[in-house]
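Data block below; observations after.
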Amino acid sequence: PYWESVTMPESKSFTFKKLIWSGLNSHYAVTLFENLKALDPHTPILIHQMGKVGSNTVYRSLKVSGIRRPIFHTHFLTEAGIAVCEADIAEVRATASTSSSYASRLRRGTVHRHVIASKAVRRRLMRHPSESCLIISLVRDPVARAISEFFELVWFRHPEVVLEDGNVRADVVTALSRDFNWVLTSVNEAFSWFDREIKPIFGLDVFEHCFDADQGIGEIHHGRVSLLIVQLEQLSVNIDRIAQFVGTKHPLRLLTANE
């Protein structure tokens with residue numbers, strides 16, 4: 001792919017226009033350009049968490065806040081995680097012919113953009129292992145997350161319950177009950193995500209630290225990494241803590257986004 005053949009520039013003179021001229025399409029070019037912001041002297045912010053847990057909301061809210069830090073948005077940083085994501089995308093893309101939101105995002109390249117961003121961030125972390133980083137990870141009721149993911153992919157896993165207009169038939173609950181083992185797998189993946197995507201990359205075991213369940217937030221400092229874990233269900237009441245964590249004096253405004 002184009003991304004693997006691109007050499008990361010050492011100077012900010014590598015402009016957005018040059019990225020376009022290099023033959024990349026606009027989605028790839030925009031993503032690469034955003035990741036070049038890591039050359040900025042400010043400590044980067046990484047929105048790194050599982051999908052279907054409000055990461056787009058946090059990412060969009062921070063992007064429009066005027067924060068003078070590079071901001072990245074990823075779900076996977078390990079080689080294994082990125083490989084699984086690429087395989088899933090390839091499988092889903094082969095049947096992405098319905099009007100579902102996920103299929104639409106595949107056609108626009110929005111989903112694939114996550115993979116490119118993940119590769120870019122991983123490469124930078126490997127090249128600059130001592131660079132400080134602020135990480136924000138949202139968590140969510142694992143059953144609610146699994147059901148949300150099920151309905152996003154129901155057109156792919158159970159096309160028999162999807163109408164021509166992309167809506168789901170009322171008897172979708174039957175499909176959900178038939179696919180209960182998949183839901184359980186999704187729940188288990190939620191419990192293991194931090195061990196798979198935080199611990200091996202940053203050397204941080206979140207389960208060794210306390211989390212204030214009543215407040216729905218926890219802050220961990222480990223070497224070069226500062227990690228803020230926020231419960232999605234209490235995101236709005238902790239927005240000021242997020243602003244404090246990223247170092248902005250301006251109030252943040254949540255821009256709700258569906259993943």
Side-chain angles (χ1 to χ4, degrees), residues 46-59 72-96 100-103 105-106 110-119 121-122 125 135-158 168 172-173 175-209 211 213 216-218 220 222 225 227-235 257-259:
L46 178 58
I47 314 300
H48 184 50
Q49 61 183 68
M50 291 196 73
K52 307 311 298 176
V53 193
S55 57
N56 270 330
T57 293
V58 176
Y59 178 72
F72 307 98
H73 180 196
T74 59
H75 296 310
F76 302 97
L77 287 175
T78 61
E79 287 184 329
I82 293 172
V84 169
C85 185
E86 287 183 310
D88 288 345
I89 289 174
E91 182 181 6
V92 174
R93 189 188 297 275
T95 58
S100 76
S101 61
Y102 194 85
R105 288 167 56 209
L106 269 175
T110 310
V111 177
H112 195 195
R113 183 174 176 176
H114 277 299
V115 175
I116 299 174
S118 294
K119 289 183 176 181
V121 173
R122 175 182 169 80
L125 290 172
I135 306 173
I136 300 175
S137 287
L138 269 62
V139 294
R140 180 184 185 183
D141 178 329
V143 175
R145 196 204 75 85
I147 293 176
S148 176
E149 184 178 34
F150 174 86
F151 276 98
E152 181 175 58
L153 295 176
V154 67
W155 63 272
F156 170 64
R157 298 184 61 83
H158 296 282
V168 180
V172 67
V173 176
L176 179 60
S177 63
R178 290 201 308 267
D179 218 0
F180 191 67
N181 285 336
W182 179 86
V183 174
L184 289 179
T185 299
S186 181
V187 169
N188 290 332
E189 288 178 350
F191 284 115
S192 64
W193 184 88
F194 282 98
D195 281 339
R196 290 183 286 110
E197 290 294 333
I198 290 289
K199 189 175 181 178
I201 298 294
F202 302 102
L204 171 59
D205 187 347
V206 301
F207 298 105
E208 292 181 350
H209 300 267
F211 182 84
I217 195 166
I220 303 171
H222 180 80
V225 175
L227 170 64
L228 186 70
I229 302 176
V230 185
Q231 188 178 31
L232 175 64
E233 291 82 355
Q234 301 195 59
L235 176 60
N258 180 29
E259 304 215 6

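Just so it is clear, the model here is predicted, and its values are computed rather than measured.
Atom NE2 of residue H73 and atom CD1 of residue I136 lie 11.0 Å apart, to the nearest 0.5 angstrom. With values rounded to the nearest 0.5 angstrom, L235 atom CG is found 9.0 Å from I217 atom CD1. The distance from atom CG of L138 to atom CG of L228, rounded to the nearest 0.5 Å, is 8.5 Å. With values rounded to the nearest 0.5 angstrom, T74 atom OG1 is found 10.5 Å from Y59 atom OH.
Here the side chain of S137 pairs a donor or acceptor atom with the backbone of H48 at under 3.5 angstrom. Without hydrogens or angle criteria, T78 side chain to G81 main chain gives a donor-acceptor distance under 3.5 Å. The closest donor-acceptor contact from the side chain of R140 to the backbone of A146 lies at 3.5 Å or more, if one exists at all. For E197 (side chain) and L77 (main-chain N/O), a donor-acceptor pair under 3.5 Å exists by modelled atom type.
Side-chain contact between S55 and H75 is present, with heavy atoms from C-beta onward closer than 4.5 Å. Side-chain contact check for L227 versus H222: every heavy-atom pair is 4.5 Å or farther apart. Within the 4.5 Å cutoff, side-chain heavy atoms of F202 are placed close to those of L46. Q49 has its side chain out of reach of I135: every pair of non-hydrogen atoms, C-beta onward, lies at least 4.5 Å apart.
Shown here for E189 and M50, the closest heavy-atom pair between the two residues is O-SD, 3.9 Å. When all heavy atoms are compared, the tightest approach of P200 to R196 is CG-O, 3.1 Å. Among all heavy-atom pairs drawn from C85 and V115, the shortest one is SG-CG2, 3.7 Å. When all heavy atoms are compared, the tightest approach of G218 to F211 is N-CE1, 3.6 Å. Taking each heavy atom of V143 and D141 in turn, the nearest pair found is N-OD1, 2.9 Å. For the residue pair R145 and A190, the shortest heavy atom distance occurs at NE-CB, 4.2 Å.
Salt-bridge annotation for R122 and E79: present, with a side-chain N of the basic residue lying under 4.0 Å from a carboxylate O of the acidic one.
Between F207 and F194, the ring-plane angle classifies as perpendicular under the 30° and 60° cut-offs.
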Determine, step by step, whether D195 and D205 satisfy the side-chain contact (heavy atoms from CB on, under 4.5 Å) criterion, reporting the C-alpha distance in whole Å, the side-chain angles of both residues, the deciding distance to 0.1 Å, and the verdict.
CA-CA 7 Å; D195 281 339; D205 187 347; 4.1 Å; yes
T57 vs L232, side-chain contact (heavy atoms from CB on, under 4.5 Å): CA-CA, chis, key distance, verdict:
CA-CA 10 Å; T57 293; L232 175 64; over 6 Å; no
